[in-house]
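Written below as C-alpha coordinates is the structure these notes are about.
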Amino acid sequence: MHDAFPDALTIGCSTAGEGINGEILNHSVVAMAMSADVFSYNEFALVVGDKTDVPPDRKDVFTTTRDAMKYIGRNLEKPLLDLDFREYVGYLLTDRISAFSERVMDVVGEMTDVLFLGGVAGDDYKFTNDQRIFYQGRSYKTAALMCLWKPVNGFSVLKTEAVDLTNMSLVVTKADEENRIVQEFDGRPAAEVYAEKIGTPVDSMDILDFDENPPALIVDGEPFLRALVKQTDNRGLMMFARVVTGMRLTITRAGNVYEVTKAALDEKIRREGPFAAMLHTNCASRHTALKNANQVEEFAKLFGVVPSVSFSSYGEIYVGILAMTSSIILFK
(Lines give C-alpha, C1' and ligand atoms only; values in the text may rest on other atoms or scores of the structure.)
Protein backbone atom coordinates (compact mmCIF):
# COMPACT_ATOMS: atom_id res chain seq x y z
CA MET A 1 0.00 0.00 0.00
CA HIS A 2 2.80 2.39 0.87
CA ASP A 3 4.62 1.64 -2.38
CA ALA A 4 1.42 1.96 -4.41
CA PHE A 5 0.65 5.41 -2.94
CA PRO A 6 4.07 6.91 -2.14
CA ASP A 7 2.74 10.44 -1.67
CA ALA A 8 0.17 9.34 0.92
CA LEU A 9 0.72 8.65 4.60
CA THR A 10 -0.39 5.05 5.16
CA ILE A 11 -1.51 3.54 8.47
CA GLY A 12 -3.24 0.33 9.50
CA CYS A 13 -3.13 -2.90 11.47
CA SER A 14 -3.72 -6.63 11.26
CA THR A 15 -7.29 -7.68 12.07
CA ALA A 16 -9.71 -10.47 12.93
CA GLY A 17 -11.92 -9.56 9.98
CA GLU A 18 -12.67 -6.45 7.94
CA GLY A 19 -15.63 -4.44 6.75
CA ILE A 20 -16.24 -1.96 3.95
CA ASN A 21 -19.36 -0.16 2.75
CA GLY A 22 -21.91 -2.63 4.05
CA GLU A 23 -19.88 -5.83 3.65
CA ILE A 24 -18.01 -7.89 6.24
CA LEU A 25 -15.01 -9.76 4.83
CA ASN A 26 -12.09 -11.90 5.92
CA HIS A 27 -8.53 -12.40 4.63
CA SER A 28 -8.92 -9.06 2.87
CA VAL A 29 -7.48 -5.58 2.88
CA VAL A 30 -9.84 -2.62 3.24
CA ALA A 31 -8.76 0.99 3.03
CA MET A 32 -10.12 4.51 3.10
CA ALA A 33 -8.37 7.40 1.36
CA MET A 34 -8.80 10.92 2.69
CA SER A 35 -7.68 14.02 0.83
CA ALA A 36 -5.59 16.60 2.64
CA ASP A 37 -8.40 19.17 2.63
CA VAL A 38 -10.56 16.95 4.88
CA PHE A 39 -8.52 18.17 7.86
CA SER A 40 -7.33 21.58 8.96
CA TYR A 41 -4.98 19.79 11.35
CA ASN A 42 -3.57 16.34 10.65
CA GLU A 43 -0.55 14.88 12.47
CA PHE A 44 0.68 11.34 13.15
CA ALA A 45 3.28 9.68 15.37
CA LEU A 46 4.25 6.17 16.43
CA VAL A 47 5.33 4.95 19.87
CA VAL A 48 7.38 1.75 20.03
CA GLY A 49 8.29 -0.35 23.04
CA ASP A 50 11.78 -1.22 21.79
CA LYS A 51 14.23 1.52 20.82
CA THR A 52 15.74 -0.79 18.17
CA ASP A 53 12.45 -0.43 16.26
CA VAL A 54 13.02 3.30 15.69
CA PRO A 55 13.94 3.70 11.99
CA PRO A 56 16.95 5.97 11.50
CA ASP A 57 15.22 7.78 8.62
CA ARG A 58 12.03 8.75 10.49
CA LYS A 59 11.51 11.67 12.86
CA ASP A 60 7.97 10.64 13.87
CA VAL A 61 8.72 7.37 15.72
CA PHE A 62 9.39 7.60 19.46
CA THR A 63 10.04 5.43 22.50
CA THR A 64 7.88 7.52 24.85
CA THR A 65 4.24 8.52 24.51
CA ARG A 66 4.96 11.96 25.87
CA ASP A 67 7.43 12.70 23.07
CA ALA A 68 5.00 11.36 20.48
CA MET A 69 2.19 13.52 21.83
CA LYS A 70 4.42 16.59 21.77
CA TYR A 71 5.27 15.80 18.17
CA ILE A 72 1.66 15.55 16.99
CA GLY A 73 0.94 18.83 18.76
CA ARG A 74 4.04 20.68 17.63
CA ASN A 75 2.25 22.83 15.02
CA LEU A 76 -0.65 23.82 17.24
CA GLU A 77 -1.09 27.38 18.46
CA LYS A 78 -2.06 26.17 21.93
CA PRO A 79 -1.10 23.35 24.33
CA LEU A 80 -2.67 19.94 23.79
CA LEU A 81 -4.45 20.28 27.11
CA ASP A 82 -6.25 23.40 25.87
CA LEU A 83 -7.69 21.83 22.71
CA ASP A 84 -11.47 21.80 22.34
CA PHE A 85 -12.63 18.17 22.29
CA ARG A 86 -15.55 19.25 20.09
CA GLU A 87 -13.14 20.37 17.34
CA TYR A 88 -10.36 17.78 17.55
CA VAL A 89 -10.47 14.00 17.62
CA GLY A 90 -7.76 11.38 18.04
CA TYR A 91 -7.37 7.99 16.38
CA LEU A 92 -5.19 5.34 18.00
CA LEU A 93 -4.20 1.78 17.04
CA THR A 94 -2.17 -0.55 19.24
CA ASP A 95 -0.98 -4.07 18.57
CA ARG A 96 -2.34 -5.74 21.72
CA ILE A 97 -3.73 -5.11 25.19
CA SER A 98 -0.68 -4.94 27.41
CA ALA A 99 0.99 -2.89 30.09
CA PHE A 100 2.59 -0.94 27.23
CA SER A 101 -0.71 0.02 25.59
CA GLU A 102 -2.33 0.84 28.93
CA ARG A 103 0.56 3.18 29.76
CA VAL A 104 0.18 4.84 26.36
CA MET A 105 -3.48 5.53 27.09
CA ASP A 106 -2.63 6.87 30.55
CA VAL A 107 -0.25 9.47 29.12
CA VAL A 108 -2.66 10.43 26.33
CA GLY A 109 -5.33 11.08 28.96
CA GLU A 110 -2.94 13.17 31.05
CA MET A 111 -1.86 15.38 28.14
CA THR A 112 -5.17 16.19 26.44
CA ASP A 113 -8.94 16.20 26.83
CA VAL A 114 -9.33 15.27 23.16
CA LEU A 115 -11.13 11.95 22.84
CA PHE A 116 -9.08 9.20 21.20
CA LEU A 117 -10.92 6.32 19.53
CA GLY A 118 -9.63 3.26 17.70
CA GLY A 119 -8.76 -0.29 18.55
CA VAL A 120 -6.41 -3.17 19.20
CA ALA A 121 -5.09 -5.16 16.24
CA GLY A 122 -6.20 -8.76 15.69
CA ASP A 123 -4.60 -11.88 14.23
CA ASP A 124 -7.58 -13.72 12.71
CA TYR A 125 -8.52 -15.39 16.02
CA LYS A 126 -5.17 -17.17 16.38
CA PHE A 127 -4.38 -15.26 19.63
CA THR A 128 -0.64 -15.66 19.18
CA ASN A 129 0.26 -12.10 20.21
CA ASP A 130 1.59 -11.58 16.69
CA GLN A 131 -0.68 -8.65 15.88
CA ARG A 132 0.90 -5.86 13.86
CA ILE A 133 0.73 -2.10 13.42
CA PHE A 134 1.55 -0.76 9.95
CA TYR A 135 3.00 2.72 9.51
CA GLN A 136 4.53 4.16 6.38
CA GLY A 137 5.47 0.84 4.84
CA ARG A 138 6.83 -0.82 7.98
CA SER A 139 5.39 -3.43 10.34
CA TYR A 140 5.69 -3.06 14.14
CA LYS A 141 5.04 -5.09 17.28
CA THR A 142 4.64 -3.48 20.71
CA ALA A 143 3.64 -0.21 19.11
CA ALA A 144 0.90 2.40 19.26
CA LEU A 145 0.01 4.66 16.36
CA MET A 146 -1.64 7.95 17.23
CA CYS A 147 -3.29 10.52 14.98
CA LEU A 148 -4.62 13.96 15.88
CA TRP A 149 -7.21 15.42 13.53
CA LYS A 150 -9.28 18.57 13.22
CA PRO A 151 -11.88 17.73 10.54
CA VAL A 152 -12.89 20.77 8.49
CA ASN A 153 -16.60 19.90 8.50
CA GLY A 154 -16.73 18.52 12.03
CA PHE A 155 -17.31 15.02 13.34
CA SER A 156 -19.20 12.96 15.88
CA VAL A 157 -18.32 9.87 17.89
CA LEU A 158 -20.34 6.86 18.98
CA LYS A 159 -19.70 4.07 21.47
CA THR A 160 -22.15 1.19 21.65
CA GLU A 161 -22.30 -1.94 23.79
CA ALA A 162 -25.14 -4.46 23.76
CA VAL A 163 -25.57 -5.13 27.47
CA ASP A 164 -28.14 -4.66 30.21
CA LEU A 165 -27.04 -3.67 33.70
CA THR A 166 -27.80 -5.85 36.70
CA ASN A 167 -27.83 -4.94 40.40
CA MET A 168 -24.87 -7.29 41.05
CA SER A 169 -21.55 -5.62 41.75
CA LEU A 170 -18.04 -6.79 42.61
CA VAL A 171 -15.18 -4.92 44.26
CA VAL A 172 -11.60 -5.76 43.31
CA THR A 173 -9.84 -6.34 46.63
CA LYS A 174 -6.65 -7.95 45.28
CA ALA A 175 -5.18 -7.76 41.79
CA ASP A 176 -2.08 -8.29 39.68
CA GLU A 177 -2.58 -4.98 37.91
CA GLU A 178 0.36 -5.35 35.52
CA ASN A 179 -1.12 -8.54 34.03
CA ARG A 180 -4.81 -7.52 34.39
CA ILE A 181 -5.61 -10.41 36.74
CA VAL A 182 -8.20 -10.06 39.49
CA GLN A 183 -7.16 -12.36 42.32
CA GLU A 184 -9.97 -11.47 44.73
CA PHE A 185 -13.44 -9.96 44.54
CA ASP A 186 -14.92 -8.89 47.86
CA GLY A 187 -12.06 -10.52 49.78
CA ARG A 188 -12.50 -14.00 48.24
CA PRO A 189 -11.10 -15.84 45.18
CA ALA A 190 -12.35 -13.90 42.17
CA ALA A 191 -13.57 -16.83 40.07
CA GLU A 192 -15.60 -18.26 42.94
CA VAL A 193 -17.36 -14.97 43.67
CA TYR A 194 -18.08 -14.27 40.00
CA ALA A 195 -19.39 -17.83 39.42
CA GLU A 196 -21.75 -17.49 42.38
CA LYS A 197 -23.07 -14.18 41.05
CA ILE A 198 -23.88 -15.53 37.59
CA GLY A 199 -25.14 -18.89 38.90
CA THR A 200 -22.59 -21.15 37.20
CA PRO A 201 -20.35 -23.87 38.78
CA VAL A 202 -16.85 -22.44 38.99
CA ASP A 203 -15.23 -25.62 37.62
CA SER A 204 -17.26 -25.57 34.40
CA MET A 205 -17.24 -21.79 33.85
CA ASP A 206 -15.89 -20.87 30.40
CA ILE A 207 -15.69 -18.13 27.76
CA LEU A 208 -19.40 -18.46 26.93
CA ASP A 209 -20.27 -17.55 30.52
CA PHE A 210 -17.84 -14.63 30.36
CA ASP A 211 -19.34 -13.28 27.13
CA GLU A 212 -22.89 -13.59 28.46
CA ASN A 213 -22.06 -11.81 31.74
CA PRO A 214 -19.32 -9.23 31.12
CA PRO A 215 -18.33 -6.97 34.03
CA ALA A 216 -18.31 -3.22 33.47
CA LEU A 217 -16.96 -0.11 35.12
CA ILE A 218 -19.93 2.26 35.40
CA VAL A 219 -19.18 5.98 34.94
CA ASP A 220 -22.13 8.38 35.18
CA GLY A 221 -24.45 5.50 34.38
CA GLU A 222 -22.52 4.48 31.26
CA PRO A 223 -20.88 1.02 31.07
CA PHE A 224 -17.23 0.63 30.09
CA LEU A 225 -16.85 -3.10 29.54
CA ARG A 226 -13.77 -4.94 30.80
CA ALA A 227 -14.64 -8.52 29.74
CA LEU A 228 -12.97 -11.72 30.92
CA VAL A 229 -10.32 -13.81 29.17
CA LYS A 230 -9.93 -16.93 31.29
CA GLN A 231 -9.76 -18.40 34.75
CA THR A 232 -6.21 -18.53 36.10
CA ASP A 233 -4.50 -20.59 38.78
CA ASN A 234 -5.75 -20.06 42.33
CA ARG A 235 -9.21 -19.05 41.06
CA GLY A 236 -8.12 -15.72 39.58
CA LEU A 237 -9.71 -14.06 36.52
CA MET A 238 -7.76 -12.45 33.68
CA MET A 239 -9.43 -9.38 32.19
CA PHE A 240 -9.45 -7.85 28.69
CA ALA A 241 -8.72 -4.39 30.13
CA ARG A 242 -7.11 -2.77 33.13
CA VAL A 243 -8.32 -3.47 36.64
CA VAL A 244 -7.09 -1.79 39.80
CA THR A 245 -7.57 -2.60 43.45
CA GLY A 246 -10.66 -0.87 44.79
CA MET A 247 -12.43 -0.77 41.41
CA ARG A 248 -16.14 -1.59 41.58
CA LEU A 249 -17.48 -3.55 38.64
CA THR A 250 -21.09 -4.27 37.75
CA ILE A 251 -22.10 -7.54 36.10
CA THR A 252 -24.04 -7.02 32.88
CA ARG A 253 -26.09 -9.32 30.66
CA ALA A 254 -25.34 -9.58 26.95
CA GLY A 255 -28.06 -8.28 24.61
CA ASN A 256 -28.65 -8.18 20.86
CA VAL A 257 -25.65 -6.54 19.14
CA TYR A 258 -27.48 -5.81 15.89
CA GLU A 259 -30.57 -4.25 17.46
CA VAL A 260 -28.63 -2.06 19.89
CA THR A 261 -26.19 -0.84 17.23
CA LYS A 262 -28.96 -0.13 14.73
CA ALA A 263 -30.91 1.93 17.26
CA ALA A 264 -27.84 3.91 18.30
CA LEU A 265 -26.63 4.53 14.75
CA ASP A 266 -30.08 5.47 13.45
CA GLU A 267 -30.49 7.97 16.28
CA LYS A 268 -27.02 9.43 15.72
CA ILE A 269 -27.68 9.95 11.99
CA ARG A 270 -31.15 11.37 12.66
CA ARG A 271 -29.89 13.90 15.18
CA GLU A 272 -26.48 14.85 13.77
CA GLY A 273 -26.26 13.60 10.18
CA PRO A 274 -25.71 13.44 7.33
CA PHE A 275 -22.20 12.04 7.55
CA ALA A 276 -19.57 11.70 4.83
CA ALA A 277 -17.57 8.73 6.17
CA MET A 278 -17.12 6.39 9.13
CA LEU A 279 -14.17 4.67 10.81
CA HIS A 280 -15.52 1.73 12.80
CA THR A 281 -13.84 -0.62 15.28
CA ASN A 282 -15.94 -3.61 16.32
CA CYS A 283 -14.98 -6.14 18.99
CA ALA A 284 -14.26 -9.64 17.68
CA SER A 285 -16.53 -11.09 20.37
CA ARG A 286 -19.40 -8.95 19.06
CA HIS A 287 -18.76 -10.39 15.60
CA THR A 288 -18.94 -13.89 17.08
CA ALA A 289 -22.27 -13.01 18.71
CA LEU A 290 -23.56 -11.73 15.37
CA LYS A 291 -22.52 -14.97 13.65
CA ASN A 292 -24.25 -17.04 16.32
CA ALA A 293 -27.44 -15.00 15.81
CA ASN A 294 -27.18 -15.13 11.98
CA GLN A 295 -27.13 -11.33 11.89
CA VAL A 296 -23.77 -10.60 10.27
CA GLU A 297 -25.21 -9.40 6.95
CA GLU A 298 -27.85 -7.22 8.60
CA PHE A 299 -25.21 -5.69 10.85
CA ALA A 300 -22.88 -4.99 7.93
CA LYS A 301 -25.62 -3.15 6.05
CA LEU A 302 -25.87 -0.65 8.89
CA PHE A 303 -22.50 0.68 7.75
CA GLY A 304 -23.40 0.86 4.07
CA VAL A 305 -25.25 4.17 4.35
CA VAL A 306 -22.01 6.18 3.90
CA PRO A 307 -18.45 5.21 2.88
CA SER A 308 -17.02 3.23 5.79
CA VAL A 309 -14.23 0.88 6.77
CA SER A 310 -14.07 -1.25 9.88
CA PHE A 311 -12.11 -4.03 11.51
CA SER A 312 -12.79 -6.69 14.13
CA SER A 313 -10.54 -5.90 17.07
CA TYR A 314 -9.18 -7.50 20.23
CA GLY A 315 -10.05 -4.41 22.24
CA GLU A 316 -11.59 -1.02 21.53
CA ILE A 317 -10.34 2.45 22.38
CA TYR A 318 -12.70 5.06 23.76
CA VAL A 319 -11.04 7.13 26.51
CA GLY A 320 -9.35 3.89 27.64
CA ILE A 321 -9.12 0.33 26.35
CA LEU A 322 -12.44 -1.51 26.45
CA ALA A 323 -13.89 -4.82 25.29
CA MET A 324 -17.13 -6.03 23.66
CA THR A 325 -17.70 -2.51 22.34
CA SER A 326 -18.09 -0.67 19.05
CA SER A 327 -16.07 2.53 18.65
CA ILE A 328 -16.94 4.85 15.73
CA ILE A 329 -15.75 8.19 14.34
CA LEU A 330 -18.31 9.76 11.99
CA PHE A 331 -17.00 12.52 9.73
CA LYS A 332 -19.41 15.24 8.54
Side-chain angles (χ1 to χ4, degrees), residues 49 65 94-110 116 119-120 127-129 131 142 144 159 161 163-254 283-286 313-325 327:
T65 307
T94 185
D95 64 318
R96 59 196 176 96
I97 300 176
S98 64
F100 168 81
S101 58
E102 296 280 12
R103 286 194 295 269
V104 168
M105 293 306 302
D106 284 347
V107 175
V108 170
E110 290 173 5
F116 276 72
V120 177
F127 300 106
T128 60
N129 286 331
Q131 302 97 295
T142 315
K159 175 178 77 73
E161 56 284 307
V163 296
D164 297 314
L165 302 184
T166 74
N167 59 4
M168 296 183 289
S169 64
L170 308 159
V171 176
V172 180
T173 49
K174 185 178 180 181
D176 175 355
E177 297 180 7
E178 181 79 2
N179 294 304
R180 306 182 312 284
I181 296 174
V182 180
Q183 295 160 325
E184 292 183 358
F185 280 131
D186 303 329
R188 296 172 50 214
E192 293 180 4
V193 176
Y194 175 81
E196 289 175 8
K197 293 281 188 179
I198 67 172
T200 298
V202 67
D203 291 327
S204 62
M205 189 167 60
D206 60 19
I207 189 65
L208 295 178
D209 298 302
F210 299 156
D211 286 352
E212 285 297 315
N213 306 275
L217 176 67
I218 308 300
V219 180
D220 293 332
E222 183 177 2
F224 289 77
L225 295 175
R226 322 313 286 172
L228 294 157
V229 182
K230 62 181 180 180
Q231 188 174 166
T232 65
D233 295 338
N234 301 316
R235 300 299 197 199
L237 289 172
M238 179 178 286
M239 311 290 284
F240 255 127
R242 168 173 292 172
V243 289
V244 296
T245 302
M247 178 182 285
R248 179 179 294 275
L249 300 174
T250 296
I251 293 176
T252 69
R253 303 291 193 206
C283 184
S285 65
R286 283 166 55 96
S313 57
Y314 287 174
E316 298 70 58
I317 292 171
Y318 186 99
V319 181
I321 297 179
L322 311 176
M324 302 181 74
T325 299
S327 173

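A side-chain donor-acceptor contact under 3.5 Å links Thr166 to the backbone of Ile251. Side chain of Asp186 to backbone of Leu170: no donor-acceptor contact under 3.5 angstrom is found. Asp206 places a side-chain N or O within 3.5 Å of a backbone atom of Leu208 that can act as its donor or acceptor partner. With hydrogens and angles disregarded, a donor-acceptor distance shorter than 3.5 Å links the side chain of Glu316 to the backbone of Thr325. Remark: side-chain polar atoms of Thr94 are not paired, donor with acceptor, to backbone N or O of Ala144 under 3.5 angstrom.
Residues Arg242 and Asp106 have side chains in contact (heavy-atom distance under 4.5 Å, counting atoms from C-beta outward). In this structure, Phe185 and Val172 have side chains that are in contact, with non-hydrogen atoms separated by less than 4.5 Å. Counting heavy atoms from C-beta outward, Arg180 and Glu102 have side chains that approach closer than 4.5 Å. For the pair Gln183/Asn234, no side-chain contact is recorded, criterion being any heavy-atom separation below 4.5 Å from C-beta on. Taking the side chain as every heavy atom from C-beta outward, Glu177 and Val243 never approach each other to under 4.5 Å. In this structure, the side chains of Thr245 and Thr173 stay at 4.5 Å or more apart for every pair of heavy atoms.
One distance of note links CG of Leu225 with CE of Met239; it measures 10.0 Å at 0.5 Å rounding.
Relative orientation of the Phe127 and Tyr314 rings is parallel, given thresholds of 30° and 60° on the angle between their planes.
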(request) Evaluate the criterion salt bridge (Lys or Arg N to Asp or Glu O under 4.0 Å) for residue pair Glu222 and Lys159; output intermediate values, then yes/no. (result) CA-CA 10 Å; Glu222 183 177 2; Lys159 175 178 77 73; 3.1 Å; yes
